[in-house]
Structures are given as structure tokens and as C-alpha cells.
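Shown next, in C-alpha cells, is the structure this report addresses.
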Amino acid sequence: MNLTGNDLKTIGFTQGKAIGFALDIIKKEYAALKQEDQLILLRQVLENPSAFIDDEKLSPIVKELLKPADDTIALEESGKSYKIYGAEAIEEGALNQMAIAMRLPVTVAGALMPDAHQGYGLPIGGVLATKNAVIPYGVGVDIGCRMCMTIYDLPPAILEEKKDEFKKMLVNNTKFGTATFKKPKDHEVLERTEFKELSIVRQMKDRAWQQIGSSGGGNHFVEFGIVEILSPVNEFNLPVGEYIALLSHSGSRGLGANIARHYTQIAMDNCKLPQEAKHLAWLDLDTEAGQEYWLAMNLAGDYASACHHQIHERMAIGLRETPLAMIENHHNFAWKEKDILGNDIIVHRKGATPAGEGVLGIIPGSMASPGFIVRGKGLAASINSASHGAGRLMSRTKAKQTILPGHVNKVLTQAGVELIGSGLDEAPMAYKDIHQVMEHQKDLVEVLGSFMPKIVRMCGDERFKEVD
DNA sequence: ATGTTC
């Protein structure tokens with residue numbers, strides 16, 4: 001009577017390959033032993049495999065036992081199909097990343113927006129719907145990065161007439177880069193229990209308090225400009241015409257960045273994926289880490305919103321005006337939504353604007369081109385999404401190497417834009433043509449109004465302007 | 001995006 005796989009399992013073997021080798025070797029080499037002695041031998045091998053590493057007969061079993069468990073999750077052979085908007089203007093790197101994301105076993109649907117470009121894990125401009133799983137890098141590092149616009153009942157002409165006063169308001173009421181307010185405003189978001197209950201969030205409490213109301217760097221901005229309401233039927237009951245508006249773009253600062261870093265690491269440690277997909281590691285929402293990330297992500301989103309509200313509040317005080325309307329939206333976030341059949345899905349928008357039917361949003365252009373107030377059309381193929389801007393035409397490095405300061409200044413002058421701060425990597429010519437991008441997504445959103453920047457503040461000094 | 005790679 002020969003040993004069976006089940007006999008080996010009862011003494012503690014778990015790996016199929018090791019069991020196979022063991023049965024084979026016992027049969028060939030140890031047939032003379034009594035069955036109970038065969039089991040004693042195998043138990044000894046199992047308990048201390050290293051002691052048998054040089055054993056001529058038993059080493060194949062040992063090698064198998066000592067091999068690290070391969071817990072890599074395989075990608076699906078063929079990826080699910082997804083819709084690409086404006087494919088001809090999207091770089092190959094972004095398409096490759098999206099193709100990999102569509103092969104994750106948790107993926108149920110995806111779409112690529114016309115401003116897409118390569119990112120970390122999921123491309124910027126990527127929308128990914130998953131089943132009960134959240135991908136920290138599907139949300140992005142700047143959790144809750146968002147837009148906020150307030151429209152004022154002020155005549156556009158005063159932006160030019162009182163330009164210095166508006167510039168002063170921007171300089172005094174916004175903080176960029178590492179700068180923060182000497183006396184940060186308090187906000188109820190800082191009282192949230194997540195600051196006590198989640199360790200990574202608790203560690204960030206002081207910095208969150210310090211950084212609230214600040215804007216950070218990169219492509220973040222605060223700007224005054226002219227809104228033109230184009231549609232007589234709008235949610236704000238505003239007559240068609242021109243208004244002054246304040247537009248801000250920023251996220252959750254160090255708080256969100258550290259939440260993202262922390263939970264991405266946990267995801268990558270627990271969800272091993274092939275090399276090309278490793279940054280798409282997910283957290284199962286039924287796990288403790290998944291639930292923690294969800295809470296922390298939502299806190300970071302609310303914190304980002306609070307930062308915008310404080311910026312707009314400071315400006316409203318400076319203007320001594322009450323806003324006529326406020327429009328705002330996240331574009332780096334994940335939401336619990338329903339698919340067309342009513343199933344629960346997790347929708348990641350990493351640099352994508354929510355565009356469900358009737359949902360309002362802001363899609364900015366560049367510092368010298370218009371942005372748009374949009375109303376979503378709720379197109380299922382786009383997973384109720386649209387672009388989050390024009391999208392980069394060139395990398396930051398390439399922009400800094402090739403764009404001439406004098407050229408930037410000329411374009412700004414022609415557009416009637418006054419710029420405070422910024423670097424060449426944010427120059428208008430580093431971005432795609434927003435009009436083309438809007439054309440590619442006319443099925444996704446309806447344009448209610450436009451916004452032309454006039455006085456723009458970004459991170460950075462003004463040195464490059466003097467080089468001309 | 002980020003005290004810019006613990």
C-alpha cells in the first residue's frame with residue numbers, strides 16, 4: 001500500500017509540488033521502509049528541511065519546501081476593453097499603463113480621458129472601476145486634489161482697473177510651496193476622529209493644522225479671472241454674461257501624500273503583482289487596511305476641500321463680497337458608485353472629473369487659456385467621467401529645457417494674463433490645446449461657461465521673467 | 001503631488 005497525498009497533508013505538507021516529489025521519492029527509494037517509518041522520515045524533512053539539503057535522495061523535496069511561496073497574483077490574459085477619448089493625442093506610455101490596469105482580476109471597467117498621460121501605476125486621466133477593492137495609486141498621491149470656483153457679482157473691468165489690489169489679495173491670502181500661514185484658520189475637519197483613530201493620520205495632525213489653507217506647488221494655482229456664463233439655463237440662476245471669479249486648484253498637502261505613501265506600501269506588501277503592475281496593488285475593502293484607507297482617503301478629500309474653502313473665504317473677506325455661486329469637484333479620488341446594472345463598483349478617478357448626469361465640475365485649461373464650467377452627461381462608457389484639464393504636452397523636464405522665458409511672457413501679455421510665481425514647466429505651451437481636448441469629450445460634458453485667467457498665482461519665484 | 005526616496 002503506497003502513501004497518498006492525503007497522508008502527507010495529515011502530517012503537515014501543504015505545497016502540491018513538494019507532495020508530488022515526496023510521493024515519488026518514497027516510492028522509488030524508500031519502498032523497503034514500513035509506511036509509518038516513511039511518514040516519520042518525511043515529518044523530519046518537513047520539520048527541518050535544511051538538515052536534508054545535501055541528502056542525495058531527499059533534496060528535491062527540500063528545495064521545494066525552501067522555495068519562497070509564490071503569492072504573485074496573475075494578471076488576466078486579455079484585458080477588458082475600455083473606451084479611449086481622443087486617442088490620437090494620448091502618449092503610448094499612458095495606453096500601456098491602462099492596458100495593464102484592465103488586466104487586473106479586480107477590474108470591471110475602465111476609460112481613458114483625452115488629457116491622459118503616463119503616471120505612477122494608473123495613468124493620469126485614467127478611470128478604473130473595480131469590485132470591492134481600492135488601489136491607492138489609482139487615486140493618486142495627492143488625494144482629493146480638486147477645483148473650486150466662486151463667482152462674484154463684480155464687473156470684469158475692475159480686474160484691470162484695480163489690478164494691484166487683486167494681486168495684493170492673492171499674495172497676502174495664498175501660500176505656495178513650503179510656506180504656510182503664521183496663524184492658520186481653524187476648521188472642523190481638524191476635529192475629525194480619524195486624527196485619533198488612524199496612526200498615520202495621527203502622525204500628520206500637526207502638519208495638517210499648519211498647512212491648512214495653503215496651496216502647495218506643481219500645477220496648483222489660485223487665480224482671478226473672467227467667467228462667461230454661456231448657457232441661459234444654469235444651476236446658478238445667472239444671466240448670460242461676464243463675471244469675476246476666483247478659481248483654485250490644490251489638494252490635501254502633506255496629509256494626503258503620507259496617507260497615499262503609507263497605504264500604497266501596505267497594498268504592495270500584501271498584494272503582489274507582476275513587476276509591470278506592482279504599483280496597481282489594491283486593498284480589499286473587507287480588510288482592516290482597506291477600511292482604514294477608505295476613511296483616511298475621505299478625510300484627505302475633506303481636508304483638501306477645507307483648504308479651498310479657506311482660500312475662498314479669505315478672498316471673499318478681501319473683496320467684501322458674497323459669492324453668487326460656488327462650483328467644486330475632486331479629480332483625484334475613489335467613489336462607491338453603481339454600474340449600469342446596479343452593481344456596486346469602486347470608481348477611481350486619477351486626474352478625471354466626475355461627470356455623472358447633471359453633475360457640475362470645473363475643467364481648467366492653462367494659465368493663458370480658458371477653463372470650463374461643465375455639466376456631466378452621465379455617459380456610461382466614460383464611467384461618468386471627463387478630463388481634469390488640458391493634459392501635459394511635454395514633461396516638466398522637457399518644458400524647462402525647451403521653453404523660452406521671453407516666449408512665455410509674450411504669450412501671457414497677448415492673453416492679458418498677469419502672473420505671480422510659477423516655473424517654465426507650467427507654461428501654457430507645456431499643455432495640450434484645451435479646445436481640442438473639449439472637442440474630444442463633447443459627449444461627456446456640456447459646457448455651461450468659460451473662465452479666462454487674468455491674475456494667476458502659482459508656486460515659484462519670478463526670476464525667469466527677468467531673463468528676457 | 002510630497003519637507004520632493006525611510
Side-chain angles (χ1 to χ4, degrees), chain A residues 94 97 115-126 135-148 174-182 184 199-222 248-269 278-281 293 296-297 299-308 311 329-334 348-353 364 366 387-392 395-397 399-400 421-426 430-431 457-461:
Chain A
Q97 287 186 318
D115 60 339
H117 51 99
Q118 195 171 341
Y120 226 164
L122 195 67
I124 319 297
I135 303 168
Y137 269 148
V139 169
V141 175
D142 192 5
I143 300 169
C145 186
R146 70 200 323 264
M147 304 302 304
C148 182
T174 65
K175 295 290 177 190
F176 282 84
T178 54
T180 53
F181 288 98
K182 283 199 186 88
S199 80
I200 186 67
V201 176
R202 185 164 59 235
Q203 291 166 41
M204 293 306 298
K205 168 119 204 213
D206 288 347
R207 206 195 296 172
W209 177 84
Q210 189 61 237
Q211 292 185 323
I212 197 163
S214 65
S215 297
N219 56 4
H220 291 173
F221 59 77
V222 182
S248 52
H249 173 217
S250 53
S252 52
R253 310 291 281 108
L255 175 65
N258 281 276
I259 291 168
R261 185 181 0 220
H262 179 75
Y263 287 101
T264 292
Q265 196 56 58
I266 292 176
M268 294 203 308
D269 288 345
K278 69 173 184 179
H279 290 125
L280 291 168
Y293 176 76
M297 178 196 76
L299 175 74
D302 292 342
Y303 177 83
S305 173
C307 288
H308 281 265
I311 292 165
N329 65 273
H330 287 323
H331 53 219
N332 279 12
F333 211 63
H348 304 74
R349 294 188 181 87
K350 183 184 192 180
T353 305
S366 75
S387 89
H388 80 315
R392 293 199 78 87
S395 69
R396 293 187 181 279
T397 315
K400 283 187 238 182
S422 184
L424 291 167
D425 48 347
E426 287 301 325
Y431 283 90
R457 186 174 190 200
M458 298 189 82
C459 182
D461 56 37

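Note that the structure is a prediction, hence the values are computed from the model and not measured. Quick note on labels: first sequence line is chain A, next is B, and so on, each numbered from 1.
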Applying side-chain contact (heavy atoms from CB on, under 4.5 Å), can you list everything that pairs with [X], at least two apart in sequence or on another chain?
| X | value |
| --- | --- |
| A:Ala306 | A:His187, A:Val189, A:Ile212 |
| A:Arg253 | A:Gln211, A:Ser214, A:Tyr303 |
| A:Ser395 | A:Thr397, A:Lys398 |

Check: So, does A:Lys350 use its side chain to make a donor-acceptor pair with the main chain of A:Tyr137 at under 3.5 Å?
Finding: yes

Next item on the list: State which residues pass salt bridge (charged side-chain N to carboxylate O under 4.0 Å, His left out) with A:Arg457; sequence neighbours excluded, sorted by chain then number.
Entry: none

Next item on the list: Name all residues meeting the salt bridge (charged side-chain N to carboxylate O under 4.0 Å, His left out) criterion together with A:Arg207; count only those two or more places apart in sequence or in a different chain, and write none if there are none.
Entry: none

Note to self: Going by the rule side chain to side chain donor-acceptor pair (under 3.5 Å), which residues pair with A:Thr180 if we only count those two or more places apart in sequence or in a different chain?
What the structure shows: A:Gln210

Item checked: Test side chain to side chain donor-acceptor pair (under 3.5 Å) applied to A:Gln265 - qualifying residues, sequence neighbours left out -> A:Asp269

Notebook entry, point to check: Got a sec? Which of residues 203-217 of chain A come in under 4.0 Å of DNA chain B, heavy atoms?
Noted result: A:Arg207, A:Gln211, A:Gly216, A:Gly217

Notebook entry, point to check: Which two nucleotides bound the region of DNA chain B that has atoms under 4.0 Å from heavy atoms of chain A, read 5' to 3'?
Noted result: B:dA1 to B:dG3

Next item on the list: Identify whether any heavy atom of A:Gly218 sits under 4.0 Å from a base atom; if not, whether one sits that close to sugar-phosphate; answer base, sugar-phosphate or nothing.
Entry: sugar-phosphate

